Amino acid sequence: MLAVAGAAFTGWRFARESPPHQGPIVLITVDGLRADTLPAYGGAAGATPNIDALAGRGIVFERAYTHSPLTLPAHAALVSGQLPFDNGVRDDGGFVLKEQVRTIAALLRNRGFNTGAAVSSFLLRRSTGLAQGFSFYDADIPDEPLEEGVLPRRDGLATFDAADQWIKSQSGQRYFLFLQVDARSADAVVGRLVAELKRTRRYNDSTIVFTAAHGDPGSGETLDDASLRVPLIVKQPGEAGAGRRVPLPVQHIDLLPTLLDVVRAPMPSGLRGRSLRAILDKTSGFVPDQPIYAELLAPLYRFEGQPLLVLSNASYRFVRGIDEQLRPLVPDAPMPDAARQQQMGAALDKLLQGHPIDAPVPPAQMDEDRLAAFGYLKGLSPAPLSAAGEANEAGAQAALTAAHRRAAFLVAQKKYSAALDALRAISAKHQGLASVQYQIGSLLVRTGRIDEGSRVLTAAAAVRPDDPEIPVALASALLRARRADDAAMQAEQAVALADAGGSAPMKAAAHEIAARVALVREDTTAAKLHAAAAQKADPHMPLPQFVAGRLAYDDGRYEEALAAFKEAATTVGQANTTLAELHLNLGNTYARLDRYAEAEAEFQEELREYPHNIGTYASLAMLYRASNRDQAVEHVIGDLVEAAPTPEGYSMAARLWTIVGERARAEALRSDARRRFRGDPSLALLGRAR
């Protein structure tokens, strides 16, 4: 009798519990929206009627927080349910989601949900890993010239149009849609989404989660409520709980376990976030308090500034950066004292224990300019924090952050001389910042001023003698200047430093440049050895096949070279990576075999992946000339000048015009360059072949 009664009671409780969610789940994130700008959070009324209506029909979380004021790290934490030091994404550039991380899309797809996404920001492109688990992921950001104040993104309504096509293709209502839009379009997107769900009679069964990636987009220098507090509105099926407000502090990593709990999916182990379903289900619902972590490492990665770390609870925020502070978050919190500050500092130390500062990897060359529009220029791997120099002085970091961001914007706009002036001004004021010297040297090399760039990189090496990234850059620059013996010395130094304690990507990069130098020096044995070492460090790098292809090509064995290059191309394609000059060599090989259409396609792919490779423009122009495609030649030369608006780019373009017999156009281009780059030392390139 007791057993029967127990079973009956269990069945009664199960029947009383809300059933698993079966309708659409839509997650909307806005790139840079402070909570207090919305009427639901005390902001002025009138500008966001659709978001206001959603808030009235949903549950409003009054104190929701992101884990980063940067777009990519914030989204990585949100979709993975993991903090930045767990998921591996620490800055807007140089990082991708770790392969072992499982996103909310992947987990919901395992529960039978169709998964789709459409994003507005270039920072969320597929190569970041955020597309994991989505069967549809639209990140088609227009590749347009970057103007001052204009970021690489598309209008949120265009993003919704892409998502709407996918919504209309869904035969059932069990789907998960992720929408990321800009703040200006957010209200209109919410209105169109609700209208579409109502049109398809799926609104009543839907769950809509509305939040922001981070707060004030103009912040990024501090970790406070302006940058970290975000709106969070949850509209449930049947508008359950409409109008309720939750004062409990919550965080982005709570969303993944919450959505999994809503659909009754098993929870992955190791999640730090909490399910908020108890709060969603009833007014008296409760979840235990939990510290909330956030970080800003961009200053450290970009110019050796001081990282900012915070840990918050319901009453206080502990901030560790240039100094340590404990700030009250609510008016009635007792004044912070030394004991409380020490306690929260110890809690932060415990949380970070075993999680070192990750080293970034170089971004793909095709992404560099658009990342620069967001203020990102790759620096050196983080040095010990005590070596970060003057950037640690009180009051200096905010100004330094703004100055460095302006320099990056100039790079994005291809205003290289102005960018160099801006970076030099930073270096002069904050001496000893090797990352800024590295950026100056790299930009000089990029613009063809190789001798100057090499000197600056050598000066950076004097500050950071144990960093293999600098001799890798020096070896590449010297190889470009046809100083193979000098390049070999730097490559040898890079290999020694990387093998002595560098990361796997750094070892791969050092051995890769050593293999390329060995090829130029016709040292076959060394080229093969370094290629094998590079692939050992990075199994996705098919350098042995690339070297085999180069050796066969130089020997005139073009079919054998083609097979090796194609094998390498298959490997990088499967790994979604790139390898410099792979498609260029494939194109040259196809041209030798009179397969001109395939050669053209390979040259164009090389230019897509490596738009700064001036030599590829020349190869494509010569292919068109051999095919008597004069108009195509003209377009390629125009593309070259647009991609490389430098004396070196103009010099190559003038040479190409001369080769095709257009001497007048060549001289006109040289005259334009002398006028445009007056005073630039690299104008000497116009007078000699390179």
Side-chain angles (χ1 to χ4, degrees), residues 27-69 71 74 78 156 179-191 193-194 208-236 239-252 254-255 258 276 279-280 283-287 289-292 294 310 312-317 319 326-336:
L27 170 62
I28 306 172
T29 68
V30 184
D31 196 9
L33 179 65
R34 287 177 54 160
D36 58 9
T37 62
L38 298 175
Y41 293 86
T48 55
N50 295 304
I51 298 174
D52 301 344
L54 186 69
R57 298 165 185 158
I59 298 174
V60 174
F61 289 82
E62 296 178 344
R63 297 179 63 190
Y65 294 95
T66 181
H67 303 287
S68 172
T71 297
L78 192 154
L179 274 171
Q180 183 264 334
V181 299
D182 59 290
R184 183 180 58 184
S185 306
D187 190 71
V189 167
V190 169
L193 171 71
V194 169
I208 302 174
V209 179
F210 177 89
T211 187
H214 52 80
D216 187 355
S219 188
E221 298 167 6
T222 59
L223 293 180
D224 53 17
D225 267 22
S227 62
L228 297 178
R229 185 175 171 231
V230 294
L232 176 59
I233 300 167
V234 180
K235 176 266 168 194
Q236 299 194 90
E239 298 183 353
R244 249 191 316 124
R245 303 182 69 86
V246 178
L248 179 75
V250 298
Q251 54 190 324
H252 270 170
D254 292 335
L255 290 178
T258 300
L276 305 178
I279 298 175
L280 296 176
T283 305
S284 59
F286 171 79
V287 294
D289 190 17
Q290 186 179 50
I292 298 175
V310 305
S312 306
N313 58 26
S315 302
Y316 299 96
R317 176 174 292 133
V319 183
L326 187 64
R327 303 168 184 167
L329 293 178
V330 291
D332 57 350
M335 288 301 295

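Note that the coordinates shown come from a computational prediction; the quantities given were computed from them, not determined experimentally.
From D36, atom CG reaches atom OH of Y41 across 10.5 Å, with rounding to the nearest 0.5 Å. Rounding to the nearest 0.5 Å gives a distance of 12.0 Å between CD1 of I233 and CZ of R57. Here the straight-line distance linking atom CG of L326 with atom OH of Y316 works out to 7.0 Å at 0.5 Å rounding. Atom CG of L78 sits about 12.0 Å away from atom OG of S68, to the nearest 0.5 Å. Going from atom CG of D254 over to atom CZ of F61 covers 9.0 Å, rounded to the nearest 0.5 Å. A distance of 12.0 Å separates CD in Q290 from OG in S312, rounded to the nearest 0.5 Å.
Using a 4.5 Å heavy-atom threshold, the side chains of N313 and D289 count as touching. Between L232 and V250 there is a side-chain heavy-atom pair separated by less than 4.5 Å.
Without hydrogens or angle criteria, R245 side chain to A40 main chain gives a donor-acceptor distance under 3.5 Å. A distance-only check finds a donor-acceptor pair linking the side chain of T66 to the backbone of A213 [under 3.5 Å]. In terms of modelled atom types and a separation under 3.5 Å, the side chain of T211 and the main chain of P231 share a donor-acceptor contact. Judged purely by atom type and a 3.5 angstrom limit, R244 uses its side chain to pair as donor or acceptor with the backbone of I279.
Ion pairing of R317 with D225 is present here, as a side-chain N (NZ or NE/NH1/NH2) and a carboxylate O approach within less than 4.0 Å.
Qualifying side chain to side chain contact (heavy atoms under 4.5 Å, CB included) partners for P291, counting only residues two or more places apart in sequence or in other chains: L311.
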List the steps, then state whether side-chain hydrogen bond (donor to acceptor under 3.5 Å, both in side chains) holds for D216 with S227. CA-CA 5 Å; D216 187 355; S227 62; over 6 Å; no
